[in-house]
Amino acid sequence: MSDVERDRASEILREHFAVGRLRDDELMARLDAAQTARNWGDLQRLLADLPPIPGMALQPVPPPYQGPPKPPRKPGAPYSTAAWVCFGLGFVTCGVGWIPAIVFALMATSANKETDPEGSRLTRNPGAHIGGVIAGVLASLVAIGVVVDTAQPVHEITMQVIGEGGAEVRTVVDGDSESTSTDLPYSDSQSVKGSFGELSIRAQVPDDAKDSDQELTCVIKVDGVEERTSSGKGGCSADYEADD
């Protein structure tokens with residue numbers, strides 16, 4: 001029991017005396033008893049027959065619990081929010097939104113670094129916002145590239161030369177040229193992903209061959225469909241260019 005609590009009980013008794021609930025001798029007797037009280041029970045007995053006075057409770061009521069204070073909002077928070085919004089918009093603007101996303105990330109990092117206390121996470125790693133946004137942009141680019149790559153059709157290109165003996169054969173597939181001396185019949189197949197350009201095949205019987213005037217046939221097939229066929233004595237050629 002502290003003197004502060006005894007004094008509080010005395011103040012309550014004086015207030016009751018002021019409004020006429022106690023006589024002078026009763027007040028003095030109760031004040032003496034309040035100053036010699038040893039516990040809460042002693043004080044409560046002194047006030048048991050008196051009504052409570054609003055705002056003058058014997059035991060102060062503790063303030064309601066309000067929880068821990070919220071940490072102050074970082075000055076770079078608006079920029080950080082704008083960075084992630086622009087990052088999301090980048091998916092519907094073909095990546096254009098990722099440029100301001102990186103700019104806002106730089107601004108958020110700069111603002112937080114100026115006010116962040118020494119030793120905090122942002123001071124130790126000032127590029128946290130930039131790294132997060134850039135990593136997200138790079139991951140998105142990789143994911144988009146994978147989706148686009150897997151969505152492209154694969155075409156099977158077949159080049160053939162029909163005949164006998166030997167011949168000089170030259171093929172061109174989408175700008176890639178290849179020449180070879182080979183025995184006939186000749187056939188070469190390869191896969192091309194996505195669209196392709198011009199296809200061509202040329203075959204020529206060497207001048208010193210035993211049958212240099214024999215008939216050769218050049219064939220171009222795309223996905224198993226015979227697109228071009230050409231025949232000629234001593235040589236042949238065929239060309240094909242896709243519509244797409």
Straight-line distance of [X] [atom1] to [Y] [atom2], nearest 0.5 Å:
X: R170; Y: E178; atom1: CZ; atom2: CD; answer: 10.5 Å
X: S212; Y: D207; atom1: OG; atom2: CG; answer: 7.0 Å
X: R202; Y: S177; atom1: CZ; atom2: OG; answer: 10.5 Å
X: M28; Y: F17; atom1: CE; atom2: CZ; answer: 9.5 Å
X: L199; Y: D239; atom1: CG; atom2: CG; answer: 9.0 Å
X: L47; Y: R30; atom1: CG; atom2: CZ; answer: 7.5 Å

When you measure from the side chain of [X] to the backbone N and O of [Y], does any donor-acceptor pair fall under 3.5 Å?
X: E5; Y: S2; answer: yes
X: Q214; Y: E164; answer: yes
X: S10; Y: R6; answer: yes

Determine the minimum heavy-atom distance between [X] and [Y], stating which atoms define it.
X: C218; Y: I201; result: CB-CG2, 3.8 Å
X: S187; Y: T158; result: OG-CG2, 4.0 Å
X: C236; Y: V161; result: SG-CG1, 4.5 Å
X: E156; Y: S189; result: OE2-CB, 3.8 Å

(message) What I want to find out is whether E11 reaches R14 closely enough, with some N-O distance under 4.0 Å, to be called a salt bridge.
(response)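 No salt bridge links E11 with R14.
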(request) Hey, can you tell me if F196 and Y240 have their rings parallel, tilted or perpendicular (30° and 60° cut-offs)? (result)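 Ring orientation of F196 relative to Y240: tilted.
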Decide yes or no for [X] and [Y]: does some side-chain heavy atom of the first lie under 4.5 Å from some side-chain heavy atom of the second?
X: E15; Y: L13; result: no
X: L50; Y: L22; result: yes
X: I53; Y: H16; result: yes
X: K221; Y: E227; result: no
X: Y186; Y: I162; result: no
X: R21; Y: L27; result: no
X: R228; Y: V219; result: no
X: L216; Y: L184; result: yes

(message) Checking S237 against S230: is there a side-chain donor and acceptor pair closer than 3.5 Å?
(response)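 There is no such pair (donor and acceptor under 3.5 Å, judged by atom type) between the side chains of S230 and S237.
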(request) Apply the test side chain to side chain contact (heavy atoms under 4.5 Å, CB included) to residues D3 and Q35: give CA-CA distance (whole Å), side-chain angles for both, the deciding distance (0.1 Å), then the verdict. (result) CA-CA 8 Å; D3 290 340; Q35 294 302 314; 5.7 Å; no
(request) Spell out, yes or no, whether M159 and V172 are grouped together once hydrophobic residues are joined by side-chain heavy atoms under 4.5 Å, including indirect joins. (result)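 Not linked; separate clusters.
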(message) Tell me whether I12 shares a hydrophobic cluster with L31, the cluster being built from Ile, Leu, Val, Met, Phe, Trp, Tyr side chains joined at under 4.5 Å.
(response)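 Yes: a chain of side-chain contacts under 4.5 Å links I12 to L31.
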(request) Assess whether side-chain hydrogen bond (donor to acceptor under 3.5 Å, both in side chains) is satisfied between S179 and E168, documenting all intermediate values. (result) CA-CA 7 Å; S179 298; E168 297 288 337; over 6 Å; no
(request) Give the intermediate values and the outcome of salt bridge (charged side-chain N to carboxylate O under 4.0 Å, His left out) for residues R23 and E26. (result) CA-CA 5 Å; R23 299 190 306 273; E26 291 178 325; 3.4 Å; yes
(message) Apply side chain to side chain contact (heavy atoms under 4.5 Å, CB included) to residues D211 and V205 and explain how you reach the verdict.
(response) CA-CA 8 Å; D211 187 5; V205 177; over 6 Å; no
